[in-house]
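Notes to accompany the following structure.
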Number of protein chains: 2
Amino acid sequence: MQQSIRLTVDAVVFGYEAGSISVLLIKRKYEPFKGEWAIPGGFVLNDESLEEAVERELKEETGIKINYLEQLYTFGKPKRDPRNRVVSVAYFGLIKPSAFKIFASTDAEEVQWFKIDELPKLSFDHEEILNMAITRLQSKITYEPVGFELLDTKFPFSDLEKLYTTLLGRAIDRRNFRKKILGLNILDQLDEKVSKGSGRPANLFKFNKKKYFKLKDEGILFDI
Amino acid sequence: MQQSIRLTVDAVVFGYEAGSISVLLIKRKYEPFKGEWAIPGGFVLNDESLEEAVERELKEETGIKINYLEQLYTFGKPKRDPRNRVVSVAYFGLIKPSAFKIFASTDAEEVQWFKIDELPKLSFDHEEILNMAITRLQSKITYEPVGFELLDTKFPFSDLEKLYTTLLGRAIDRRNFRKKILGLNILDQLDEKVSKGSGRPANLFKFNKKKYFKLKDEGILFDI
DNA sequence: GCAAAAGTGTTACAATTACACCCATGT
DNA sequence: ACATGGGTGTAATTGTAACACTTTTGC
């Protein structure tokens, strides 16, 4: 019997705003699961790579262009799509929500950011995919400096600290955290301050990728 | 245009014997790359899961039944197979070579263990897959006790030590290593000794999965 | 009795944790 | 002057790394 498996890519895209981690979801315009929420994604075309497919689908369905993207896992249980055999290569992306205006089109009737503790019911096995992505994000930020992908280019140190507190789900010691991160010397301190209305204005910092890669080449690892 | 992508699974299977890490390869019986060496694998059937597909292909082509198996990565560049568009979900497996007699059949003309520093030229993008698997194995043994999957059920401590020395590619301090592993209390010391011809006979140990999972549940991590 | 591998403790050093007060600004 | 968040150092504890001799067996 001729193989008749169809291949899709799906992307779990995380954003961070106002102290919460959110995921970008679409409301499906077509069957199956018409009208229900799902992770954005779609079929891979014959002549495009998997990464090209994810980027294209994200652009089409939600309007965003992703900066940080990595493969998460491939889901292939025979019955995960009720109609046909569909295998999905799931990706994991990080963006700064403030940098994009999301809008629905093609297969999406609506696009929306959902806080990860206020998720709607999801189509297919997308809840499983999302849970795996959350776990991956939580462990990833401890050994690679991916947190910066979620923050503005210039950020006060407290934003980074809050991001880690939120993602790890526990308090962290401010002094020790600051000592550790600044001690790595992968942040540039800017001659710029920002005030949040009340309290002492905070210095702005910028993640320095060059310095980070140099450290990495020397075998010094990021580790929180 | 109708999607015409075919899906395969491939498995990088590692074994450890006589102080060397080896990989199981097959010599291809059919085109493309007929007569060349490749990672075992093949097309996923319509009604089987990806894991079932890998296990079936391994059994068919090499005769082995795998114990430890995890998904590695999905490779999907448009031209990775010169004839058709083929996307491959690669897996990563560990076995004790002594436990199986390998034999070629179906798509394989020959099966053979190759030491990872004496590899032949490989078909498709299998060299890339294999390199990723080696990297994964090296990092994996530092944070999960997968090394035991490569050793006999009962083993002298020095075997474990040699395995780590080999995999990490550097000397490790015998005393500190022993202290650390035994300190975790995930090994059972048996009332049995084994002699390697010369020198003092060694005590045999056994990995205790229950104890390990209990520790893991308590949040205590394996970490070398 | 000697060659060969197994087994074992202590000390120095590095990293991590715990912890509390002053500073700069807006109102 | 007070409320709010930003910024900072030190000491105790813990974990890691370095290091060499004794024991048990086979020949």
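Residue numbers start from 1 in every chain, and the chains themselves are labelled A, B, ... in the order their sequence lines are given, proteins ahead of strands.
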List the steps and the verdict of salt bridge (charged side-chain N to carboxylate O under 4.0 Å, His left out) for B:Lys211 and B:Asp188. CA-CA 9 Å; B:Lys211 285 184 186 168; B:Asp188 291 337; 2.8 Å; yes

If you check the A:Asp173 side chain, which of C:dA24, C:dA4, C:dA18 turns out closest? C:dA18

Does the distance from a Lys or Arg side-chain N to an Asp or Glu carboxylate O, for A:Glu70 and A:Lys140, drop under 4.0 Å? yes

Round to a whole Å and report the spacing from CZ of A:Phe177 to C1' of C:dA18. 17 Å

Checking C:dT17, C:dA4, C:dG7 against the side chain of A:Lys179 (C-beta onward), the nearest is C:dT17

Checking A:Val44 against A:Thr8 for the side-chain contact (heavy atoms from CB on, under 4.5 Å) test, could you report, in this order, the C-alpha distance in whole Å, the side-chain angles of both residues, the deciding distance, and whether it holds? CA-CA 5 Å; A:Val44 177; A:Thr8 59; 5.7 Å; no

Nearest-angstrom distance from the residue atom CZ of B:Phe205 to P of C:dA6: 11 Å

Distance check needed: D:dC2 C1' versus A:Arg200 CZ, whole Å only. 17 Å

Checking contacts here: which listed nucleotide (C:dA6, C:dT17, C:dG26) is nearest the side-chain heavy atoms of A:Ser195? C:dG26

Gap between atoms CG and P, on B:Asp223 and D:dT16 respectively (whole Å): 7 Å

Would you call B:Glu60 and B:Arg56 a salt bridge, using N to O less than 4.0 angstrom? yes

Residue met sooner reading DNA chain C from 5', once B:Asn203 and B:Ser198 are mapped to nucleotides: B:Ser198

Heavy atoms under 4.0 Å, any strand shown: does A:Lys196 hit a base, just sugar-phosphate, or nothing? nothing

Between atom NZ in B:Lys193 and atom P in C:dA5, what is the gap in whole Å? 17 Å

What is the distance, rounded to the nearest whole Å, between atom CZ of B:Phe157 and atom P of D:dT23? 21 Å

Could you tell me whether the phosphate oxygens of D:dG6, OP1 or OP2, come under 4.0 Å of any side-chain nitrogen or oxygen in A:Ser158? yes

Closer to the 5' end of DNA chain D via nearest nucleotide, is it A:Asn176 or B:Gly199? A:Asn176

Presence of B:Arg175 side-chain N/O under 4.0 Å of C:dG7 phosphate oxygens OP1/OP2: no

Expressed as a whole number of angstroms, how long is the span from B:Ile224:CD1 to D:dT16:C1'? 13 Å

In this structure, how many angstroms lie between the C1' atom of D:dT24 and the CG atom of B:Leu204, rounded? 15 Å

Taking C:dT10, D:dT4, D:dG7 as options, the one with an atom nearest any side-chain atom of A:Arg178 is D:dG7

C:dA18, D:dT8, C:dG7: which one has an atom nearest the side-chain heavy atoms of A:Arg174? D:dT8

Between A:Lys96 and A:Glu17, does any NZ, NE, NH1 or NH2 come within less than 4.0 Å of an OD or OE carboxylate oxygen? no

